[in-house]
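All remarks here apply to the structure that follows.
To find a chain, count down the sequence lines: A is the first, B the second, and so on, and within it residues start at 1. No experiment lies behind these values; they were computed from the predicted model shown.
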Amino acid sequence: MLQDWRFWFLAPMVLALGIVVLFPSGYLVWMSVTHWIVTDPSVYFDGVQNFATLFRSASFASAVQVTALYLVLSTILMLILAFGLALALSGPNSPGFIRAIVVMPLVIPPVVAGFTWRFLMNGEMGFLGAFVLPNVGITTNMLANPTGALISIVIADVWSRTPFMFLIFLAALQAIPRDHYEAIRLDGASALQEFWLVTLPMMRSAVVIALLFRVIDALNTFELIYVMTKGGPGRSTQTLSLLGWKTAFQGFDFGGAAALGVVMLVVTTVCASIVYRRFLRMPS
Amino acid sequence: MSHSGPAGQNPFARLGRLAFLGATLVFVLLPIAWLALGSLKTRNEALALPPKLIFTPDFSAYQKIVAQGFLGAFGNSLTIALSNVVLTLLLGTPAAYALTRIRGKVQDNLSFWVLSIRMAPLFAVILPLYVLFKSIGLLDTRFAVSLAHLTITLPLAVWMLMTYFRSVPEDLDQAAMLDGATHLQILLLVIVPIARPMLASVAIVVFILSWNEFLLAFILTSRGSQTVPVAVASLAGTMSFDWPLIAAVSVCSMIPALLFVGFAQRHIVSGLASGAVK
Amino acid sequence: MLKKLLTGGSAALVAGLLASAAPAQAETTINVVGFGAGFAWADLFGPSGTEKTQALLDFEKKEGIVINMEYADEDVARQKVLLDLVNGTGNYDLVMLGSDGAVQTYSAAGYLEPLDGYADKATDYFDAKKVYAPFLEANRVDGQLWGLPYYSFGAGVLYRKDIFDKYGITSFPKTTEELEKALQTVKDGLAKDGITDVYPLTMRGAPGEEPSLDLTGFVYAYAGDSAWFEGGADTPAKIKETGAKPDFTGKFKPGFDTFVRWSKEFGPPGIATHTWVDMMNLYAQGKAVVLMPSAINGFAGLGSSEVAAVKENSVFAPSPVGPSGKAIQSFWTFSVGMSKYAKDKEAAYKALAFLTSQPVMENFATQIGWPYTTYPEIMHGPILTGKWPKETLDAIEASFNDAEPHYFPYIPELTEFMDKIGTAASESISGSTTTDEALNNLQVWATDRMERAGYYKK
């Protein structure tokens, strides 16, 4: 193990994170194997019962589906938008004020973003939902329609989270050395070939990191959805993270919520570690 | 490639680029404009359709922010976000630097462990964190929120810094070592000065993350240390649904972070760019 | 600049943080968590919820008790209360509790202090004989009292008399059957006149526990009892005794069906996501003709409305009677209870009694101006009679006295059931499932849940 200066450089961070992470993790695992429902006075070890109940429940199945749909849709849209913006705005003479505008949603708390989009989309009094959309022939009430509600939260999420991805891409794009392009241009490559042969490969690790953080963020998205739809109508926008919150704080089932938390943590960690080992590990 | 030379020679490509940018600007600005307008209207005007674009601005919502004591929430948010920035950089900079000067399994596992901290679903760690801060007597303090926000900001900061430090040649370290510098001196006198733009951009991103965070701030604070997102949420829950006031607080909630980003937008990009591709 | 800030400021910052970590403690401090800053107890804590008015300072001086109030969003405040109680933090001595779950759950879990033993401790402030009995009854679980009522209401309808008149309906229907016909007449009339942005009915249909209050009121009117469990069993003892199984696919169904059908046919298109905020705003903007059965949300809208037609033509009517002969319910009280972990319980009760006392409720009535209060003397007193016609006040008083506070079962699992029932309603209204599917799912879930909770163990 490390015995030199590097130990002392790492120790404070490891200690700080250890305090705020290790205890909660252990506590979480303990809760997940405990029958702990507030309405039920007895708290006892319950083996895998919480997990069994979770996997049986219809809410879990629907939440997995909703989460997957939301995650894939929003991430694809975000990727396209962020990449497009980065390409369009990476030029030295692209106006700085446009970049500044594009990153503005970054500084708006998701709670606020959720409220704003909810009132924009409101089918009876919202500017978009009750004025713009009906005037272009879309009469479906976005927030009250199961598909419309999902689309609405995807739109709001893309609005709120694209700027961060855009910044990462913009930075990566500007860091590509110019001579890479010059070399390939001498060979008579088209713009499209440049993109495929130089831009994309050079941006690989930026894209992977951005995606990794995006997926983790998306699984944790809570307040934006909660504020916009509370998971509704019905369960059509109830993601895993909303389900977990409801299980704990409306169902008072701490054991059940912890079981869901453990499942999510394990699945995310396994997936992320595959991505990490495949794409991001540093050469030894 | 627009930045690499004769971009947009093709008029269709140029037109497409303009249309794409135009559409994006409308998409990005619409909610912000709507918030800003809403904050200057009366309650009835704010809900009226078609929206009134010409109206007498009403600043009473902004007066209410001061009168109803929301400035305290801004102070809390500012303290929490700034102290989180300080903590994150103090802990993250040496760690990230050391991680790039290690090879093999330790480096691998440690960096992944740091990343994995962000993967814990927040709803599931709320109760444990509450129990933790209760037992060490930090419940309802701004310090507790700053600490809790480390779980969100530190992994990101360490990863951003790691990509950057990797691009700093190790020859530099060695040269300084030959001059008899300690590792702490190398970090403080050689690495940190070089990394200033990157540190600034990390600081900004961390500030924004902490400023925006709702769930942890909500759970760990009460009377004295409420933050801005928590205040906005509690406003929306009152019986006198006051959209102009919510809008006004929201507009103000953007200002500090906006100042940061406005000042340093180029900085962020160049900082990130210097370490992005490796 | 940034660097200076980070290096120079950091030491001072950390020092400041550490200093702020040590909370100051007064001698007898009673901490309260509530919702609605500027609404609840604005007479004591000011419009911002952060001041202390003379009335409060007088109380504090007289009793030697300092009351600290913390306001939060209604929904999330519950989460905090729960964390505080579960962990025995004792940060809050007094907590606001809804009578649709919190009272039942927290009392069953042993987090609350029963209040019966304190009844004669602070009669200067709170005397149980002086308030409407049903509001106290709503806070009784297993015969014990767990909270004193603050913001409370009964069922009713607020409707636009001008629009009813226009379409030839001269009096508000007395039964659900007649009301459905009237709503159809209004709907046809609006359609004929080409009015597309006014809806005959506004109710709440958002997922979660919110719509359940009104929905279970519909079920009660159709079934004649709560109809969640066989034979209308509505306490854990009765359910265990008779082994009553959930009845969501049985007697629960007619009321549920009606709620969903009305929402779909007469409600605004977004009703499946609407909370009280939406129903209040719609009514205030003149976009809804009938608001029910939580008429209080209509009065809230009336208070903020800037539309003359709404302000001038809104009339209260009693909640219509369903096929069972009982009226649609929407009875609720937001009460204040005492934490088991309160350090000084005598002082806490005194503060509790003060917060729900007649003078405080008088101030509340003055400030909100809606015809609702927990004290008959205030109902017939100058504040409300000066503002509302006698018929309105009498009708609203009747809605308190005639109410069945236990129109849904009083079981510890209530909040969870309310959440699932409301979500099933939202699902059915939005059309993502049929009512039969939704009720089947509910039945399966409820059976499983009750078995897990050990209700049917022999």
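A:Pro109 places a side-chain heavy atom less than 4.5 Å from the side chain of B:Ser253. At least one side-chain heavy atom of B:Phe20 sits under 4.5 Å from a side-chain heavy atom of A:Leu81. Side-chain contact between B:Arg118 and A:Asp217 is present, with heavy atoms from C-beta onward closer than 4.5 Å. When side chains are defined from C-beta on, B:Phe214 does not count as touching A:Val112, because their heavy atoms never get closer than 4.5 Å. Using a 4.5 Å cut-off on side-chain heavy atoms (C-beta onward), A:Thr162 and B:Val28 make no contact. By the 4.5 Å heavy-atom criterion applied to side chains, A:Val102 and B:Leu25 are counted as neighbours. Within the 4.5 Å cutoff, the side chain of A:Tyr276 has heavy atoms near those of the B:Ser111 side chain. Put simply, the side chain of A:Tyr27 does not reach to within 4.5 Å of the side chain of B:Val125, judged on heavy atoms.
From A:Thr269, atom OG1 reaches atom CE of B:Met119 across 5.5 Å, with rounding to the nearest 0.5 Å. The CG atom of B:Leu132 lies 8.0 Å from the CD1 atom of A:Ile19; values are rounded to the nearest 0.5 Å. Separation of atoms CZ (A:Phe9) and OH (B:Tyr97) is listed at 7.0 Å; rounding is to 0.5 Å. Considering CG of B:Leu122 and CZ of A:Phe222, their distance stands at 9.5 Å, rounded to 0.5 Å. How far CG of A:Leu212 is from CG of B:Leu115: 5.0 Å, rounded to the nearest 0.5 Å. We find the CZ-CG distance between B:Phe123 and A:Leu260 to be 4.0 Å, quoted to the nearest 0.5 Å.
Of the atoms belonging to B:Tyr130, not a single heavy atom falls under 4.5 Å from chain A. If you measure heavy-atom distances from A:Ala248 to chain B, you find no contacts under 4.5 Å at all. Interface remark: A:Val111 contributes side-chain atoms only to the contact with chain B (heavy atom separation under 4.5 Å). For A:Leu219, no part lies under 4.5 angstrom from a heavy atom of chain B. Contacts between A:Trp30 and chain B at a heavy-atom distance below 4.5 Å are absent for every atom of the residue. The part of A:Leu240 that comes within reach of chain B is its backbone (N, CA, C, O), which places non-hydrogen atoms under 4.5 angstrom from that chain. For A:Val262, no part sits under 4.5 Å from any heavy atom of chain B, backbone or side chain. With a 4.5 Å cut-off on non-hydrogen atoms, A:Ile209 touches chain B through its side chain but not through its backbone.
When each of A:Thr268, A:Val14, A:Leu120, A:Ile98 is scored by its heavy-atom pairs under 4.5 Å with chain B, the top score falls to A:Leu120. Heavy-atom pairs under 4.5 Å with chain B were tallied for A:Leu28, A:Leu15, A:Leu85; the largest tally goes to A:Leu85. Of the listed residues (B:Leu35, B:Thr88, B:Leu129), the one with the most heavy-atom contacts under 4.5 Å to chain A is B:Leu35. With chain A as partner, the option from B:Leu147, B:Leu215, B:Val131, B:Thr151 having the largest number of non-hydrogen pairs under 4.5 angstrom is B:Val131. Between chain B and the options A:Gly84, A:Ser32, A:Ser25, the largest number of non-hydrogen pairs under 4.5 Å is found for A:Gly84. Of the residues considered (A:Pro12, A:Pro110, A:Ser241, A:Gly114), A:Ser241 shows the highest number of contacts with chain B, using heavy-atom pairs under 4.5 Å. Options A:Phe213, A:Trp117, A:Phe23, A:Phe127 differ in how many heavy-atom pairs under 4.5 Å they form with chain B, and the most are formed by A:Phe213. For the set B:Val249, B:Val230, B:Asn212, the count of heavy-atom pairs under 4.5 angstrom toward chain A peaks at B:Asn212. Counting heavy-atom pairs under 4.5 Å between each of A:Gly126, A:Ala258, A:Ala113 and chain B puts A:Gly126 at the top. Here B:Pro94 is the residue among B:Ala124, B:Ala247, B:Pro94 with the most heavy-atom pairs under 4.5 Å with chain A. Counting heavy-atom pairs closer than 4.5 Å to chain A, the top-ranked of the candidates B:Leu184, B:Val228, B:Ile126 is B:Leu184.
No donor-acceptor pair closer than 3.5 Å links the side chain of A:Arg6 to the backbone N or O of B:Ala98.
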For this session: Take A:Phe115 and B:Ser250 through the test side chain to side chain contact (heavy atoms under 4.5 Å, CB included) and record every step on the way to the result.
Result: CA-CA 10 Å; A:Phe115 277 125; B:Ser250 304; over 6 Å; no
Exercise. Going through the checks in order, is the side chain to side chain contact (heavy atoms under 4.5 Å, CB included) test met by B:Ile117 and A:Val20?
Worked result: CA-CA 10 Å; B:Ile117 281 160; A:Val20 278; over 6 Å; no
Problem set entry | Step-by-step side chain to side chain contact (heavy atoms under 4.5 Å, CB included) determination, B:Leu21 to A:Leu89 | CA-CA 9 Å; B:Leu21 281 179; A:Leu89 293 173; 4.0 Å; yes
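Shortest non-hydrogen contact noted between A:Arg277 and B:Asn109 is NH2-OD1, 4.1 Å. Scanning both residues, B:Ala120 and A:Asn220, for their nearest heavy atoms gives O-ND2, 3.4 Å. Here the closest non-hydrogen pair linking A:Thr116 and B:Trp34 is O-CZ3, 4.1 Å.
Using a 30° and 60° split on the angle between ring planes, A:Trp5 and B:His183 fall in the parallel class, below 30°.
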